[in-house]
Amino acid sequence: MHCALCTAQNTYNELELLTVNEQVTTVITATEPIRFVDISTDKIAGDQPINNTVRLKPKEAGHEDGECLAIVTIVTERYRCQYALLYTTRLTEAVTDKVVQPEEKNAYTNPAVSMLYYSPFFGPVVSKQNNH
């Protein structure tokens, strides 16, 4: 059974694309603290200078235009997002500043983070961590 509204997985063709160049630092800013970052290959250098920001840059030149250097996965307290990093030889095409947009966020339930809900019958209710 296929559900048009349900997406259990994404493929490479469905990822957001960011163009990168070894002379340009790409900064990705999340809307909340980042818990985990994965860079799928060693072609990209990256760090996390502050809790909601990641810096990325190709380690070296010599790649073909449009070559996928890596896929970066960013996991925050409540969502995750993925970007394919495509190489460009043209500095003017390299992304320098990227803010995670609402449509790029995939909901993520982190059992270590409590959520506060408001019930009209009980008032504020705090969800508990899953203890499996």
Side-chain angles (χ1 to χ4, degrees):
M1 181 175 175
H2 176 71
C3 174
L5 298 176
C6 303
T7 55
Q9 64 188 23
N10 286 332
T11 64
Y12 170 80
N13 292 330
E14 297 168 306
L15 296 178
E16 294 293 324
L17 308 176
L18 300 181
T19 49
V20 295
N21 181 282
E22 74 282 354
Q23 296 179 36
V24 176
T25 299
T26 299
V27 177
I28 301 175
T29 304
T31 56
E32 60 184 57
I34 295 171
R35 296 296 199 145
F36 175 80
V37 176
D38 177 71
I39 302 170
S40 67
T41 71
D42 61 358
K43 297 176 184 177
I44 298 287
D47 71 348
Q48 186 177 345
I50 57 177
N51 71 353
N52 70 328
T53 301
V54 176
R55 294 186 296 195
L56 304 167
K57 183 186 285 192
K59 290 183 177 178
E60 56 190 31
H63 302 285
E64 298 290 323
D65 272 325
E67 178 183 344
C68 182
L69 299 185
I71 295 180
V72 63
T73 302
I74 299 171
V75 179
T76 71
E77 293 179 345
R78 292 181 184 84
Y79 67 85
R80 61 185 174 77
C81 54
Q82 291 184 304
Y83 302 99
L85 304 179
L86 304 183
Y87 186 77
T88 181
T89 56
R90 294 173 290 283
L91 292 178
T92 58
E93 292 181 358
V95 174
T96 58
D97 187 34
K98 169 69 179 149
V99 176
V100 177
Q101 298 300 304
E103 62 273 10
E104 299 166 353
K105 299 175 184 179
N106 294 307
Y108 170 71
T109 303
N110 183 342
V113 176
S114 295
M115 301 291 286
L116 178 65
Y117 301 97
Y118 183 81
S119 165
F121 299 106
F122 303 108
V125 178
V126 177
S127 69
K128 299 291 185 189
Q129 177 177 336
N130 292 339
N131 295 319
H132 296 263

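- Between I44 and V72, every side-chain heavy-atom pair lies at or beyond the 4.5 Å cut-off.
- Annotation: the span from D38 atom CG to I74 atom CD1 amounts to 10.5 Å, rounded to 0.5 Å.
- Judged by distance alone, the side chain of T41 and the main-chain N or O of L69 form a donor-acceptor pair under 3.5 Å.
- Across C68 and A84, no two heavy atoms sit closer than the pair SG-CB, 4.3 Å.
- Between A45 and K59, the closest heavy-atom pair is N-CG, 3.8 Å.
- Looking at heavy atoms from C-beta onward, V20 lies out of side-chain contact with L56 at the 4.5 angstrom threshold.
- Side-chain atoms of P33 and N52, non-hydrogen and from C-beta on, never get closer than 4.5 Å to each other.
- When all heavy atoms of G66 and L86 are compared, the pair lying nearest together is O-CD2, 3.8 Å.
- Checked by atom type and distance alone, the side chain of T19 pairs as donor or acceptor with a backbone atom of E93 at under 3.5 Å.
- Of all heavy-atom pairs spanning E104 and C81, the tightest one is O-CB, 3.4 Å.
- Residues passing the salt bridge (charged side-chain N to carboxylate O under 4.0 Å, His left out) test with D97: none are found, sequence neighbours excluded.
- For E60 (side chain) and P58 (main-chain N/O), no donor-acceptor pair under 3.5 Å exists by modelled atom type.
- One distance of note links CZ of R55 with OG1 of T26; it measures 12.0 Å at 0.5 Å rounding.
- No side-chain heavy atom of Y87 sits under 4.5 Å from any side-chain heavy atom of K43.
- Here the closest non-hydrogen pair linking V95 and K98 is CG1-CB, 4.1 Å.
- Linking Ile, Leu, Val, Met, Phe, Trp and Tyr residues whenever their side-chain heavy atoms come within less than 4.5 Å places I34 and L85 in a single cluster.
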key: side-chain hydrogen bond (donor to acceptor under 3.5 Å, both in side chains) between D65 and T89, intermediate numbers included   = CA-CA 6 Å; D65 272 325; T89 56; 3.0 Å; yes
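- Across D47, I28, T29, a single residue satisfies side-chain contact (heavy atoms from CB on, under 4.5 Å) together with T53, and that is T29.
- In the hydrophobic clustering of ILVMFWY residues, with side-chain heavy atoms under 4.5 Å counting as a link, V24 and V27 come out apart.
- There is no side-chain donor-acceptor pair under 3.5 Å between E32 and Y79.
- In terms of heavy-atom proximity, A94 sits nearest to T88 at N-CG2, 4.0 Å.
- Shown here is Q101, whose CD atom has more than 12 heavy atoms of other residues, nucleotides or ligands within 6.0 Å.
- Among pairs with a residue in residues 11-50, none fulfils ring pair (Phe, Tyr, Trp, His ring centres under 6.0 Å), at least two apart in sequence or across chains.
- Legend: residues meeting salt bridge (charged side-chain N to carboxylate O under 4.0 Å, His left out) with K105, ordered by chain and number and at least two apart, are absent.
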